[in-house]
Amino acid sequence: MFRQEEVFIGGWQEKTIDAMQRRRFDQMVSQLPPLGAGRLEALAPSAFERKLEQCWQDIERKPMRTQQLSEVWKSVLGSICQQADCLSHEEHELVERALILGGSAQIEDALELEAARALSLRLWASVGLVSGKPFIELETPVVRPVAQAFSRAEHEHVRQRLDAFSAYLSGTLYRVGAMDDRQPQQLILHEVLGSGKDDELLMQLSRRYLWASFDCVDYSGGVMLLHPALADPHHLISSGRRKPGILMPPQGDLCTMMDILPEEIPLQEELERSIAGALREGHQAQDVARTLRFLCKQGAPLAAMEEVLQASLIVYISPSMRGALSNMYYMTPKWIECAERAALQ
């Protein structure tokens, strides 16, 4: 989903992926109304109009409220199978859980809450609080149709192709940090959805799939997809990382999810070994090393990485820990170089 602008007052401690997701979750929860207040039929006229302006459906305007509601569900249900096919992974799992639980489900984390936001923009759901906890509630007219859409054989085939493409694109974003969304859109349209011509609905769905599946930001040339650990994408955007030709249609083992490069594996394992047994309660060596690797890739200076590491330890940083951290810092391929603050080409 689209990120809101952030000011990182606390420095690099605030730029870890866990800290960013925690802030997003808290911010979104603080803005939620009680569950049920977001249902289309419950919205005040002005809020109803804003909802239609922001939604991810092309809905013809009608003069009367009852006519407009009828037009909404006519539009939504008219493409429910294609819409169901092109949900993000998190949206799909959230809808499945809501269907199993009778139409509503509790939202567990930031990724699910962002998926719920996307589903509300598709006009499938309202999102709100029950006893201070976020819940999603599917709109009644779509419950049976979306369950039927999920049961189609073609739905399973499309989901398999989308999952393979998502893993491939996630791996690409891990390598480059950020990229323009136009080429991935075309690959989804032609390689996943099998559209050989300009189909406006499928073009919209490929775009919405990307926006619901990945972090993204607006920039002067369009929309940039981001790796979720990249806190400040502006250096990559200004560096020209939107150049074409990065992606090829995924084939064979290219569909495997990649969250670490082969040359980074021994660096992370060395750091894990050096900090094992010295971590605060609730911290795992693999998670701490992964967090530090993500900070390194986005240009964190070595001193900042030491500060983040120290906050996870019950002892002072030892020479072996400092040596492993230095190896990670100097040998990890980066999205942004610390010294020049310029993107790698």
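Residues take their numbers from the sequence shown, with the count starting at 1. Values in this document were obtained by computation on a predicted structure and should not be read as measured data.
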[X] versus [Y], closest heavy-atom pair with distance:
| X | Y | value |
| --- | --- | --- |
| Met224 | Asp180 | SD-N, 3.3 Å |
| Arg65 | Leu43 | NH2-O, 2.7 Å |
| Pro141 | Leu77 | O-CD2, 3.7 Å |

Pair up each side-chain donor or acceptor in residues 145-162 with any protein partner under 3.5 Å, not counting sequence neighbours, and list the distances.
| unit_1 | atom_1 | unit_2 | atom_2 | d |
| --- | --- | --- | --- | --- |
| Ser151 | OG | Gln148 | O | 2.7 |
| Arg152 | NH1 | Asp85 | OD1 | 3.0 |
| Arg152 | NH1 | Ala149 | O | 3.1 |
| Arg152 | NH2 | Asp85 | OD2 | 3.1 |
| His155 | ND1 | Asp85 | OD1 | 2.7 |
| His155 | NE2 | His92 | NE2 | 2.7 |
| Arg159 | NH1 | Asp85 | O | 2.9 |
| Arg159 | NH1 | Leu87 | O | 2.5 |
| Arg159 | NH2 | Leu87 | O | 3.1 |
| Arg161 | NE | Val192 | O | 2.8 |
| Arg161 | NH2 | Val192 | O | 3.1 |

Worksheet item: Do Val223 and Phe165 share a hydrophobic cluster (ILVMFWY, side-chain heavy atoms under 4.5 Å, transitive)?
Response: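 In one cluster: yes.
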Fill in: Connected via hydrophobic side-chain network under 4.5 Å: Leu169 and Tyr209
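Yes.
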In the structure I gave you, are the side-chain heavy atoms of [X] and [Y] within less than 4.5 Å of one another anywhere?
| X | Y | result |
| --- | --- | --- |
| Gln57 | Ser79 | yes |
| Phe25 | Leu111 | no |
| Leu94 | Arg97 | yes |
| Ile314 | Leu279 | no |
| Cys86 | Leu193 | yes |

Fill in: Inter-residue atom distance Leu230.CG - Tyr174.OH, 0.5 Å rounding
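If we round to the nearest 0.5 Å, Leu230:CG and Tyr174:OH are 12.5 Å apart.
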Fill in: Approximate separation, where rounding is to 0.5 Å, of Leu267 CG and Arg293 CZ
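Atom-to-atom, Leu267:CG and Arg293:CZ are 9.5 Å apart.
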Indicate yes or no for a side-chain donor-acceptor contact from [X] to the backbone of [Y] under 3.5 Å, with no hydrogens or angles considered.
| X | Y | answer |
| --- | --- | --- |
| Arg3 | Cys216 | no |
| Ser75 | Glu71 | no |
| Lys334 | Tyr329 | yes |
| Gln82 | Leu201 | no |
| Gln310 | Ile317 | yes |
| Thr291 | Asp287 | yes |
| Glu90 | Glu112 | no |

More than 12 heavy atoms of other residues, nucleotides or ligands under 6.0 Å from [atom1] of [X]: yes or no?
| X | atom1 | value |
| --- | --- | --- |
| Arg144 | CZ | no |
| Gln13 | CD | yes |
| Glu49 | CD | yes |

Worksheet item: Taking it one step at a time, do Phe48 and Leu40 satisfy side chain to side chain contact (heavy atoms under 4.5 Å, CB included)?
Response: CA-CA 7 Å; Phe48 182 71; Leu40 289 185; 4.3 Å; yes
Item to complete: Could you list all the side chain to side chain donor-acceptor pair (under 3.5 Å) pairs where at least one residue sits in residues 27-46, not counting sequence neighbours?
Response: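 For residues 27-46: Gln4-Gln27, Arg39-Glu137.
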Discussion item. For His227, run the side-chain contact (heavy atoms from CB on, under 4.5 Å) check against Thr172, Asp215, Val176, Asp259 and tell me which one passes.
Written reply: Asp259
Practice prompt. Show your reasoning for whether side chain to side chain contact (heavy atoms under 4.5 Å, CB included) applies to Lys62 and Leu69.
Written response: CA-CA 9 Å; Lys62 297 292 183 179; Leu69 275 171; over 6 Å; no
Practice prompt. Go through Trp12 and Gln298 one step at a time and tell me if the side chain to side chain contact (heavy atoms under 4.5 Å, CB included) criterion holds.
Written response: CA-CA 10 Å; Trp12 287 97; Gln298 58 182 310; 3.8 Å; yes
What pairs of donor and acceptor atoms, side-chain ones from residues 120-131 against any protein atom, are under 3.5 angstrom apart with sequence neighbours left out?
| unit_1 | atom_1 | unit_2 | atom_2 | d |
| --- | --- | --- | --- | --- |
| Ser120 | OG | Arg117 | O | 2.6 |
| Arg122 | NE | Glu91 | OE2 | 2.8 |
| Arg122 | NH1 | Gln83 | OE1 | 3.1 |
| Arg122 | NH2 | Glu91 | OE1 | 3.1 |

Worksheet item: Is any NZ, NE, NH1 or NH2 atom of the basic residue among Glu14 and Arg23 found under 4.0 Å from an Asp or Glu carboxylate oxygen of the other?
Response: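 A salt bridge is present here (some side-chain N lies under 4.0 Å from a carboxylate O).
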Practice prompt. Determine, stepwise, if the pair Asp232 / Ile336 fulfils side chain to side chain contact (heavy atoms under 4.5 Å, CB included).
Written response: CA-CA 10 Å; Asp232 181 3; Ile336 301 171; 5.9 Å; no
